[in-house]
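Positions are given from 1, in the same order as the sequence printed here. Start at 1 and go down the list; that is how both ligands and their atoms are numbered. Scope of the values below: all heavy atoms of this structure, side chains included, with no hydrogens, waters or symmetry mates.
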Amino acid sequence: MITGAATGIGRATALAFAERGDRVTIADIDARAADTAAAIREAGGRAQFIECDVTDRAAVQRVVDGALAAYGALDAAFNNAGVLPKPQPLHEVDAASLNLILDVDLKGVFHCMQAQISHFLESGGGAIVNTASVAGIIADPEMSPYVAAKHAVVGMTKAAAVEYATRNIRVNAIAPGLVETPMTRAWLEDDAFRAAMFQHNISGRAARPEEIAGTVLHLCSDAASFTNGAVFVVDGGHTAH
Ligand SMILES: NC(=O)c1ccc[n+]([C@@H]2O[C@H](COP(=O)([O-])OP(=O)(O)OC[C@H]3O[C@@H](n4cnc5c(N)ncnc54)[C@H](O)[C@@H]3O)[C@@H](O)[C@H]2O)c1
């Protein structure tokens, strides 16, 4: 089960899972995610799209039910749907923007974990990967709601890992640095932003979404069987600098 796979990191990861032979259920608020499922099927894989707003707990439960109905099992989940606010100083953030970020980026992940863990407790276990961000570890200016939500994703990941470690459920997070996706396109097309960003970024570039997918596949696999409650930074060395 992958949320937020119409574009970007989620789409690349859905394609990577399918290439490995996994059956993929894609949940997204954007109907273009049906194209991701169609691309997988055209390549000979198995995938379905279920429209879902992750802020709606019942809709998330329908995705878990839909995965089980179509494929008879749910072994791994990538809770990746997210939105990015427009940059603003903290004191100017209005209630609507704050609520949107917290509803999607924080509560959306919480809803997903609740539905997935309830199933894993019955099925015997599974692996969850949540998409945080380097903004879940360090703070960028004018991003306070996003920084708060992504720090919370790291916290929820650890909390769930600690609660369910003995039930064969692993919960980890990834913390990507800057990735070239529709979310960051406007920034990356802005010469002033690029110059400022890449001055301090030791890779001198943004990641391609495919460069994030491998870490998710690893964390969902048996190769990561003793990796739990961890945050995997995938940022080309940005936060190490
Ligand atoms: N692009 C980056 O630089 C970057 C860096 C770190 C973390 N992230 C995180 O990676 C994740 C994926 O982002 P991306 O960069 O691939 O951007 P993206 O905009 O390409 O993908 C976001 C996806 O989430 C979906 N989505 C948004 N709101 C939703 C909702 N309420 N319910 C269901 N689906 C919803 C969108 O339709 C889209 O498919 C996000 O959580 C983002 O915060 C991105």
Side-chain angles (χ1 to χ4, degrees), residues 1-16 25-37 39 49-63 77-87 97 99-112 115 129-140 143 145-154 156-157 173-190 193-194 197-198 201 203 205-213 215-216 231-236 238-239:
M1 170 177 169
I2 303 183
T3 68
T7 52
I9 296 167
R11 178 179 164 93
T13 307
L15 296 172
T25 293
I26 291 166
D28 206 298
I29 198 170
D30 183 345
R32 284 181 304 163
D35 298 346
T36 307
F49 164 61
I50 300 176
E51 198 164 330
C52 166
D53 179 346
V54 294
T55 67
D56 178 348
R57 189 192 298 241
V60 170
Q61 183 61 51
R62 286 196 290 275
V63 178
F78 180 35
N79 299 324
N80 167 75
V83 290
L84 187 71
K86 71 171 191 301
S97 325
N99 287 338
L100 175 69
I101 301 302
L102 297 182
D103 283 350
V104 179
D105 293 8
L106 192 167
K107 290 187 201 165
V109 172
F110 199 91
H111 294 156
C112 288
V129 176
N130 296 322
T131 302
S133 165
V134 290
I137 297 163
I138 57 170
D140 283 320
M143 300 278 287
Y146 189 74
V147 169
K150 292 301 188 180
H151 273 69
V153 171
V154 171
M156 292 187 295
T157 298
I174 57 162
L178 189 64
V179 187
E180 268 184 52
T181 70
M183 184 177 274
T184 54
R185 186 164 294 144
W187 288 354
L188 290 167
E189 285 171 359
D190 177 342
F193 173 88
R194 288 181 72 96
M197 177 73 202
F198 295 133
N201 185 316
S203 304
R205 68 175 178 90
R208 287 175 283 104
E210 297 74 25
E211 293 179 289
I212 310 299
T215 303
V216 183
V231 183
F232 272 62
V233 176
V234 190
D235 70 346
H238 179 56
T239 48

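Residue contact check: Ala5 has heavy atoms under 4.0 Å from atoms 39 (O) of ligand 1. Heavy-atom contacts of Asp30 reach the following atoms of ligand 1: 37 (O) (cutoff under 4.0 Å). Counting the atoms of ligand 1 from 1 in the order shown, those under 4.0 Å from a heavy atom of Cys52 are 32 (N), 33 (C). Close approach to Gly8 involves these atoms of ligand 1, each under 4.0 Å from a residue heavy atom: 16 (O), 20 (O). Within ligand 1, counting atoms from 1 as listed, the ones closer than 4.0 Å to a heavy atom of Ile9 are 10 (O), 16 (O), 44 (C). Contact atoms of ligand 1 toward Thr131: 9 (C), 10 (O), 11 (C), 41 (O) (distance under 4.0 Å to a heavy atom of the residue). Residue-ligand proximity, Gly82 to ligand 1, at heavy-atom distances under 4.0 Å covers atoms 22 (C), 24 (O), 27 (C), 40 (C), 41 (O). In the vicinity of Leu178, heavy-atom distances shorter than 4.0 Å reach the ligand 1 atoms 3 (O).
Proximity of Val153 to Asp105: side-chain heavy atoms (C-beta onward) are nowhere separated by under 4.5 Å. Within the 4.5 Å cutoff, no side-chain heavy atoms of Met156 are placed close to those of Asn130. Considering only heavy atoms from C-beta on, Ile174 comes within 4.5 Å of Val129 through its side chain.
The shell of residues lying under 4.0 angstrom from ligand 1, judged by heavy atoms, includes Pro182. Under a 4.0 angstrom heavy-atom cut-off, Arg11 registers as lying outside contact with ligand 1. Ligand 1 does not have Thr3 within reach: every non-hydrogen atom of the residue lies 4.0 Å or more from it. A heavy-atom separation below 4.0 Å is found between Asp28 and ligand 1.
When atom types are taken as modelled, the side chain of Asp140 and the backbone of Met143 share no donor-acceptor pair closer than 3.5 angstrom. Within the 3.5 Å criterion, the main-chain N or O of Val104 finds no donor-acceptor partner in the side chain of Thr55. With Ser203 contributing its side chain and Arg205 its backbone, the two residues share no donor-acceptor pair below 3.5 Å. Between the Thr184 side chain and the Val179 main chain, a donor and an acceptor come within less than 3.5 Å of each other. Arg194 places a side-chain N or O within 3.5 Å of a backbone atom of Leu188 that can act as its donor or acceptor partner. Listed for the His238 side chain is no donor-acceptor partner under 3.5 Å among the backbone atoms of Gly177. A donor-acceptor contact shorter than 3.5 Å is absent between the side chain of Lys150 and the backbone of Pro145.
Atom 6 (C) of ligand 1 has Pro176 O, 3.3 Å as its closest protein atom, hydrogens excluded (heavy atom only). Looking from atom 17 (O) of ligand 1 to the surrounding protein, the closest heavy atom is Met183 CB, 3.3 Å. Among all protein heavy atoms, the one lying closest to atom 3 (O) of ligand 1 is Val179 N, 2.8 Å. Closest protein heavy atom to atom 5 (C) of ligand 1: Gly177 O, 3.0 Å.
Of the candidates Val134, Thr181, Thr184, the one placing a heavy atom closest to atom 14 (P) of ligand 1 is Thr181. The nearest non-hydrogen atom to atom 28 (N) of ligand 1, considering only Asp53, Val83, Val54, Thr7, comes from Val83. Counting heavy atoms only, Gly4 comes closest to atom 24 (O) of ligand 1 of the residues Pro209, Gly4, Ala207, Ala6. Evaluated by nearest non-hydrogen atom to atom 40 (C) of ligand 1, the leading choice among Ile26, Asn80, Val60 is Asn80. For atom 7 (C) of ligand 1, the choice among Ala132, Ala59, Gly108, Cys112 with the nearest heavy atom turns out to be Ala132.
With sequence neighbours excluded, the residues forming a salt bridge (charged side-chain N to carboxylate O under 4.0 Å, His left out) with Glu210 are Arg208, listed by chain and number.
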Side chain to side chain contact (heavy atoms under 4.5 Å, CB included) assessment of Asp30 paired with Phe49 | CA-CA 10 Å; Asp30 183 345; Phe49 164 61; over 6 Å; no

Tell me which donor-acceptor pairs under 3.5 Å the side chains of residues 3-12 have, and how far apart each pair is, sequence neighbours excluded?
from: Thr3; atom 1: OG1; to: Asn80; atom 2: N; distance (Å): 2.8
from: Thr3; atom 1: OG1; to: Ala81; atom 2: N; distance (Å): 3.0
from: Arg11; atom 1: NH1; to: Thr36; atom 2: OG1; distance (Å): 3.1

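An N or O contact shorter than 3.5 Å is missing between Ala27 and ligand 1 by distance. Inclusion of Ser133 in the set of residues having an N or O under 3.5 Å from an N or O of ligand 1 is not warranted.
Within the 4.0 Å heavy-atom criterion, neither part of Arg32 lies near ligand 1.
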